[in-house]
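We use all heavy atoms of the structure for the numbers below, so side chains are in, but hydrogens, waters and symmetry mates are not.
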Amino acid sequence: MSETSASELQHAALPQEFYLQGTIEAARRMLNCVLMHETSGGFVAGRITETEAYTQDDPASHAYRGKTARNAAMFGPAGHAYVYFTYGMHFCFNVVTAAEGVADAILIRAVEPIEGLELMSRRRGLAEGEIARLHSSADQKMRERWAFALCGGPGKLCQAFGITRTENGVDVTTPGGLWIAPPRPEFGALQSREICATPRIGIRQAAETPWRFTLKNDPYQSRK
DNA sequence: ATCTCGATAGTCT
DNA sequence: GACTATCGAGATC
C-alpha cells in the first residue's frame, strides 16, 4: 500500500478558476488529480482516472430541460459538488463547471484508491477476511481487482468515499471535507499519458459525443 | 468474455 | 407510468 500520509496530501485544492477554464478542458485536466474526503470515520483519497463532461445544451445532461429541485446544484457556482441519486440505490458525484447560472458539470466515474482502502472496503461491504487477503497481496493484478471493486464506477466510488446527498452542493475548492487536489509527483508515472476521448457510458441521448476521458493504458477504469 | 436481468426509489411526463 | 450519467449475480458462449 501507499506510504503517503494523509497530511501530505491535504495541503492544496484546485481553485475555482480551474473549473472555469471550459468544461471539456477541465474534464481532461481533472485526470490524475486527487479526490479526497475527510470525515469522522477517517480519510480516503484516490487518483481520478475517468471523467465525463456534461454541458447545459447537451441532451444527455440532467440540466438540458432546465432547472429543477434535483439538478439545482448544477446551476450554482463552479467548484461545488452535484450529487444525484439514481437507479434507486446509487449516488453519482459531479463537480460543477462554468459560471453561476450555467449548468455544466463533470462526472467522476472512477479513481485509483490511494489512501483509506480499509475504510473504503468497509463502506463497500467487503468481508473482513477478504479485506485482509487483498491487503496482504503484493500482486499488481490483485491490487487492480481490489481497486475495481472499490472505486471502478461512479456509484461504487461514491459508496467507497462516503459521498451521499449530504455532499450535494458543497464547495470542493477548500482543503478539508470533500475536495480535489492537483496531480501529485508520487503518482506522476501516469501524468504524461495520452488522454483518450470516447463516448460516455449509460446514456441514450448524444450517445456518440466523445466526452468520456481516460488515460491510455490506465488499468483503473470502470470498463476495459 | 460477454450477455441479460432484477433490485429499488426518485424524478419527470 | 416510464425512465434512469448503476451494480452485481447468474446464464451462456
Side-chain angles (χ1 to χ4, degrees), chain A residues 19 23-24 26-28 30-31 35 46 48-76 78 80-98 102-113 120-127 129-131 134 141-142 144-170 172 178 180 196-214 219-224:
Chain A
Y19 303 103
T23 301
I24 307 305
R28 297 170 63 93
M30 201 173 297
L31 294 171
L35 175 65
I48 296 170
T49 58
E50 183 173 339
T51 62
E52 285 183 359
Y54 289 87
T55 60
Q56 185 167 356
D57 59 358
D58 164 15
S61 171
H62 290 168
Y64 184 63
R65 292 168 210 287
K67 188 176 180 178
T68 66
R70 180 204 200 191
N71 66 23
M74 287 181 87
F75 289 81
H80 286 239
Y82 165 49
V83 180
Y84 66 87
F85 184 70
T86 192
Y87 290 104
M89 58 184 88
H90 302 295
F91 291 99
C92 291
F93 168 68
N94 302 249
V95 183
V96 176
T97 55
V102 179
D104 290 8
I106 298 167
L107 171 69
I108 310 300
R109 284 194 58 88
V111 308
E112 176 192 358
M120 292 182 187
S121 299
R122 269 183 269 123
R123 284 171 170 159
R124 290 277 299 129
L126 273 64
E130 177 75 352
I131 297 171
L134 290 165
K141 282 297 169 202
M142 189 65 81
E144 290 174 15
R145 278 185 47 195
W146 192 12
F148 181 76
L150 295 181
C151 298
K156 285 189 271 191
L157 80 86
C158 276
Q159 189 176 26
F161 273 69
I163 296 173
T164 67
R165 287 177 224 292
T166 308
E167 281 67 40
N168 188 36
V170 304
V172 301
L178 182 66
I180 301 175
C196 303
T198 57
R200 294 167 294 182
I201 291 175
I203 57 171
R204 307 285 302 265
Q205 304 293 322
E208 303 309 310
T209 305
W211 283 354
R212 168 177 176 259
F213 302 106
T214 54
Y220 300 99
Q221 299 181 14
S222 67
R223 307 196 178 176
K224 292 179 183 174

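Within the 3.5 Å criterion, the main-chain N or O of A/Arg123 finds a donor-acceptor partner in the side chain of A/Gln159. The closest donor-acceptor contact from the side chain of A/Glu52 to the backbone of A/Ile201 lies under 3.5 Å. A donor-acceptor pair is defined here as one N or O able to donate and one able to accept, closer than 3.5 Å; no such pair exists between the side chain of A/Asp104 and the backbone of A/Thr23. Under a 3.5 Å cut-off, the side chain of A/Arg212 and the backbone N or O of A/Arg200 do not form any donor-acceptor pair.
The residue A/Arg124 sits close only to the backbone: its heavy atoms come under 4.0 Å of sugar-phosphate atoms, none of a base. Across all strands, A/Gly88 comes closer than 4.0 Å to base atoms (heavy-atom distances).
Side-chain contact of A/Trp146 with A/Ser121: a donor-acceptor pair under 3.5 Å is present, judged by distance alone.
The aromatic rings of A/Phe85 and A/Phe91 are tilted relative to each other, their planes meeting at an angle between 30° and 60°.
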Inset, instruction - Represent DNA chain B in dot-bracket notation, 5' to 3'. Only Watson-Crick or G-U wobble pairs with both distances under 3.5 Å count; pseudoknot-style crossings use [ ] and interstrand partners use |. - result: |||||||.||||.
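Applying side-chain contact (heavy atoms from CB on, under 4.5 Å) to A/Leu157 and the options A/Leu150, A/Leu35, A/Thr49 leaves one that passes, A/Leu35.
Read 5' to 3', the first and last nucleotides of DNA chain B with an atom closer than 4.0 Å to a heavy atom of chain A are B/dA7 to B/dT13.
Less than 4.0 Å separates DNA chain B from at least one heavy atom of each of the following residues of residues 58-74 of chain A: A/Arg65, A/Thr68, A/Arg70.
Between C/dG8, C/dA5, C/dT4, one nucleotide has an atom nearer to the side chain of A/Arg109 than all others, and that is C/dA5. Checking C/dT6, C/dA5, C/dC7 against the side-chain heavy atoms of A/Lys156 singles out C/dC7 as nearest.
The number of heavy atoms from other shown groups lying within 6.0 Å of CZ (A/Arg124) is above 12. Counting non-hydrogen atoms of other residues, nucleotides and ligands closer than 6.0 Å to OH of A/Tyr64 gives a total of 12 or fewer.
Smallest separation of non-hydrogen atoms from A/Met30 and A/Ile180: SD-CD1, 4.4 Å.
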